[in-house]
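Side-chain atoms are counted along with the backbone in the values below, which use heavy atoms only and exclude waters and symmetry mates. Predicted model only: the values in this text are computed from it and were never measured.
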Protein chains: 2
Amino acid sequence: MQKYSKQTRILLAVDCIIFGFDGDTLKILLIKRAFQPEKDNWSLMGGFVQPQESLDQAANRILKQLTDLEGVYLEQLHTFGSTKRDPIERTVSVTYFALIDINKYQTQLSKDYHAEWFPLKRFPKLIFDQQEMVEAAKKRIRYKAAMHPILFELLPGKFTLPQLQTLYECVFNTQIDKRNFSKRILATGLLIKLTDKDKAGSKRGAFYYQLNMQNYYAKFQAFMNFIPNPDTLSQ
Amino acid sequence: MQKYSKQTRILLAVDCIIFGFDGDTLKILLIKRAFQPEKDNWSLMGGFVQPQESLDQAANRILKQLTDLEGVYLEQLHTFGSTKRDPIERTVSVTYFALIDINKYQTQLSKDYHAEWFPLKRFPKLIFDQQEMVEAAKKRIRYKAAMHPILFELLPGKFTLPQLQTLYECVFNTQIDKRNFSKRILATGLLIKLTDKDKAGSKRGAFYYQLNMQNYYAKFQAFMNFIPNPDTLSQ
DNA sequence: TCAAAAGTGTTAGGGGTACACCCATGT
DNA sequence: ACATGGGTGTACCCCTAACACTTTTGA
């Protein structure tokens, strides 16, 4: 027996929801689709899974194609497989979301794909069921950021507390008291205060911080309190 | 243009991690694989995705095939797609986990598939990468149960507090003080105390409770406190 | 009457939230 | 000098965790 002979093979794609933060607003990176159907309409960056690559490899390849970035935070989100998603031919799509430092993004690469950043609160209609994908990604990022320190992936290596707070406020669409916020964040031991300041945002300037990588990896499981002394809750 | 002509189609399977709770131990339901490769070895229940069904439909079909149950808690977990997972032919597997009331499971159906319940702490070696799938499911169930009242799906309609506590202790592999546990659980408003008792577990008997479905649906988002007044964190 | 599990209340401490003022600096 | 955003401390309250005894009843 060499093959599962009677079974149907299906087209498999990967679509990436790419998040960035410009200091003010959470954004997603969209492209103009280059081929039919829905040519020239706004779409997530995606591509078909190739025979010799894993899903994670496909996602990384697709992300690199558009952003030229490697080693960024990329996590599988959900697989969408309703039979009519793509009108041309049934295609199952495995979605990933990426968190990138928007400053590392090379603007010129956008041209090849006619890519643009759009605020998460106001972006164009997307093809197929991609609207639903973005919604799922938004939920997941909130969900995860509520318990794990993933939002740092959206910031440069050096950042200020006001920047970080704005990011949290964006993601959770809420207002946070800065005194409580800084206490809480600093109490995690995740941050190292640097000696220099960012003078861009104000006259006085705000101190830069960077991640304490030891604590960061150790505490990635973080913030849980429903169950006393659980065995593991990580991931 | 009628097809994405140059792309490779891939075999797509669904595998289900089926959890049950017998009052004492968390268990998973495994079958003896009926065909090559790995014939007669222990495996998750799975099957290929058919051309005219969605992934959710495939998962429900597969679950029903083995358990005859419908409408049970079933959630997509993760999609496994390394190229060498299945030695015969590349197969991407979308995994789902199911939480079922073990009492509703019809033992006789097991015979067709040579199915058996195994304690999550000690189950046989599984085929391919299914060990990893079970690990992922275990993590996910803990993760989710820490914040959402999903464990009720593993219990019958009427259950006692000691039963519920044992279940939590199993899932999180920890010991919980019963006074604090009952206070916390009852404070959620999710439970309705019934007038009759379960006399099976003790001489005195323990009161039955059932879910308050209004509150259950309303509070499914539950237990979060990192961010004050978040917009939404549901899922 | 004894063993085994169910059920219940109090206290102390820590963490969270609410809240207001001073500081540094560029214009 | 003043406007703008950065930075810090305290008090109160609630929630959590720790902890022990009584009740019921079948054997």
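In this structure, B/F128 has its ring center at least 6.0 angstrom away from the ring center of B/F80.
The aromatic rings of A/F172 and A/Y168 sit parallel, their planes meeting at an angle under 30°, below the 60° perpendicular limit. The aromatic rings of A/W42 and A/F118 sit perpendicular to each other, their planes meeting at more than 60°, with 30° as the lower class boundary.
Although no hydrogens or angles enter the test, the distance criterion places a donor-acceptor pair under 3.5 Å between the side chain of A/D177 and the main chain of A/N180. Judged purely by atom type and a 3.5 angstrom limit, A/Q57 uses its side chain to pair as donor or acceptor with the backbone of A/S54.
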Which pairs, protein N/O on one side and nucleotides 10-12 of chain D N/O on the other, fall under 3.5 Å?
from	atom 1	to	atom 2	distance (Å)
D/dT10	O4	A/K183	NZ	2.6

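The A/K178 side chain lies nearest to D/dG7 when the options are D/dG7, C/dG26, C/dG7. With distances taken from any side-chain atom of A/K193 to the nucleotides D/dT8, D/dG5, C/dT8, the minimum falls on D/dT8.
In this structure, A/D24 atom CG and D/dG5 atom C1' are separated by 15 Å, rounded to whole Å. In this structure, the CZ atom of B/R179 is 16 Å from the P atom of C/dA12, given to the nearest Å. The distance between atom CZ of B/F181 and atom P of C/dG7, rounded to the nearest whole Å, is 12 Å. In this structure, the NZ atom of B/K197 is 13 Å from the C1' atom of D/dG26, given to the nearest Å. Protein atom NZ of B/K203 is 20 Å distant from nucleotide atom P of D/dT22, rounded to whole Å. Atoms CD1 (B/I185) and P (C/dG7) sit 14 Å apart, rounded to a whole Å. Whole-Å rounding puts the B/R204 CZ to D/dA27 C1' distance at 18 Å. Atom pair B/F207:CZ and C/dG7:P shows a separation of 7 Å (rounding to whole Å applied).
With the nearest nucleotide of DNA chain C identified for both A/K199 and B/Y209, B/Y209 has the one nearer the 5' end. Mapping A/L186 and A/G201 onto DNA chain D by nearest heavy atom places A/G201 at the nucleotide closer to the 5' end.
Between the side chains of A/S93 and A/D15, at least one donor N or O sits under 3.5 Å from an acceptor N or O.
Atom CG of A/L211 is separated from atom CD of A/E153 by 8.0 Å, given to the nearest 0.5 angstrom.
Both cation-pi conditions hold for A/K193 and A/F207: the charged atom is under 6.0 angstrom from the six-membered ring centre and inside a 45 degree cone around its axis.
Between B/D196 and B/K158, at least one side-chain nitrogen of the basic residue sits less than 4.0 Å from a carboxylate oxygen of the acidic one, meeting the salt-bridge criterion.
A heavy atom lying under 4.0 Å from DNA chain D marks none of the residues of residues 156-165 of chain B.
Here B/R184 does not reach the OP1 or OP2 of D/dC15: none of its side-chain N or O atoms lies under 4.0 Å away.
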